[in-house]
Amino acid sequence: MERVAVIGAGAVGDALAGALRRGGLDVAVGVRTPAGPAETTVADAIAGAGAVVVAIPGAAVEAFAAEHGPALAGRVVLDASNDLSGGHDGPMHHMDAWASQAPGALVCRAFNTIGHENVSAPGFPDGVADLFWCGPEAARARAERLIAATGMRPVRVGGPEAAGVLDGVARLWFTLAFTQGRGRRLAFRMLGGGGEA
Ligand SMILES: NC(=O)c1ccc[n+]([C@@H]2O[C@H](COP(=O)([O-])OP(=O)(O)OC[C@H]3O[C@@H](n4cnc5c(N)ncnc54)[C@H](OP(=O)(O)O)[C@@H]3O)[C@@H](O)[C@H]2O)c1
């Protein structure tokens with residue numbers, strides 16, 4: 001069974017670990033202070049996994065990449081974090097830090113564009129949510145298998161350089177959910193668009 005590490009056991013980490021397990025993957029949850037049999041250290045979780053989902057506060061990502069960068073070499077990293085410390089207009093991603101601190105990792109942005117409730121329950125009366133993601137072509141098979149395991153349809157919007165587009169999708173979600181008051185039970189679906197991009 002394919003092993004996936006989920007780093008962080010907060011709202012997003014919990015939602016993703018549950019969704020990936022229901023999708024048939026072997027999930028190791030890596031946390032700083034393991035508690036109970038379902039959790040392990042970050043280092044152990046990474047060591048046994050081909051893909052690593054990062055669900056920690058955005059402000060912690062740079063230090064995380066520096067500490068674990070060497071161990072992440074050759075692995076697919078799906079960074080779900082959003083860093084709002086620079087305000088709502090600046091980048092919410094850390095692709096520059098990933099590139100410098102974890103140059104051997106295949107770093108993608110995924111699961112950052114919708115609230116965690118929708119990861120837990122991607123089905124809506126009007127269809128199943130799509131999950132926009134970006135990352136290197138070499139990560140595609142593993143990244144899309146993992147996203148599909150959560151029940152969502154993966155839609156790749158580009159390589160790592162498209163991280164700003166994913167920030168924009170997250171901002172659209174914030175605007176609809178909070179500014180407009182539509183609520184957190186909200187996700188996206190691409191209509192049409194042809195086949196594989
Ligand atoms: N909430 C959402 O709906 C949502 C949706 C999309 C994306 N996001 C983004 O996803 C990330 C996680 O959000 P969340 O709502 O799950 O946050 P959360 O509930 O606060 O959980 C954060 C988790 O990260 C761990 N953590 C904190 N600092 C860490 C570090 N330096 N190294 C390793 N683990 C660390 C925390 O564990 P300990 O502090 O106990 O060690 C905790 O398990 C954030 O960047 C957020 O912007 C959130």
Side-chain angles (χ1 to χ4, degrees), residues 4-20 27-36 38-47 49 52-72 75 77-95 97-98 101-102 105 107-122 124 129-135 143 146-147 150-152 154 157 163-179 182-188:
V4 177
V6 173
I7 309 302
V12 175
D14 275 355
L16 279 165
L20 292 167
V27 179
V29 176
V31 293
R32 294 187 289 187
T33 314
E39 296 181 349
T40 186
T41 64
V42 172
D44 281 351
I46 292 173
V52 178
V53 183
V54 177
I56 65 174
V61 169
E62 202 162 340
F64 178 90
E67 182 178 352
H68 299 285
L72 292 168
R75 304 182 201 282
V77 174
L78 300 176
D79 181 4
S81 70
N82 286 320
D83 193 343
L84 299 173
S85 60
H88 273 269
D89 295 328
M92 298 194 288
H93 64 84
H94 285 283
M95 293 310 253
W98 285 117
Q101 305 294 342
V107 182
C108 310
R109 289 282 281 160
F111 303 115
N112 69 305
T113 55
I114 55 174
H116 61 90
E117 304 85 344
N118 308 296
V119 172
S120 295
F124 290 77
D130 288 341
L131 199 280
F132 297 116
W133 73 281
C134 74
L146 198 147
I147 293 166
T150 68
M152 291 185 275
V157 303
V165 178
L166 270 287
D167 282 0
V169 178
R171 289 196 167 94
L172 175 61
W173 190 87
F174 291 144
T175 299
L176 296 171
F178 302 135
T179 312
R182 293 173 188 269
R184 296 182 57 97
R185 187 76 178 115
L186 185 160
F188 301 115

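Order of appearance sets the numbers: ligands from 1, and atoms from 1 within every ligand.
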Residue pair Asp83 / His94, side-chain donor-acceptor N/O under 3.5 Å: yes
Donor-acceptor contact present, side-chain Asn112 to main-chain Ser81, <3.5 Å: no
Side-chain donor-acceptor pair present, Arg109, Asn82, cut-off under 3.5 Å: yes
Ring centers of Phe111, Trp133 separated by less than 6.0 Å: no
Parallel, tilted or perpendicular, as decided by the 30° and 60° cut-offs, for the rings of Trp98 and Phe64: perpendicular
Residue shell around ligand 1, heavy atom under 4.0 angstrom: Gly8, Ala9, Gly10, Ala11, Val12, Arg32, Ala55, Ile56, Pro57, Gly58, Ala60, Ala80, Ser81, Asn82, Phe111, Asn112, Ile114, Gly115, His116, Arg184
Sequence-distant partners of Gln101, side chain to side chain contact (heavy atoms under 4.5 Å, CB included), two or more places apart: Ala65, Ala66
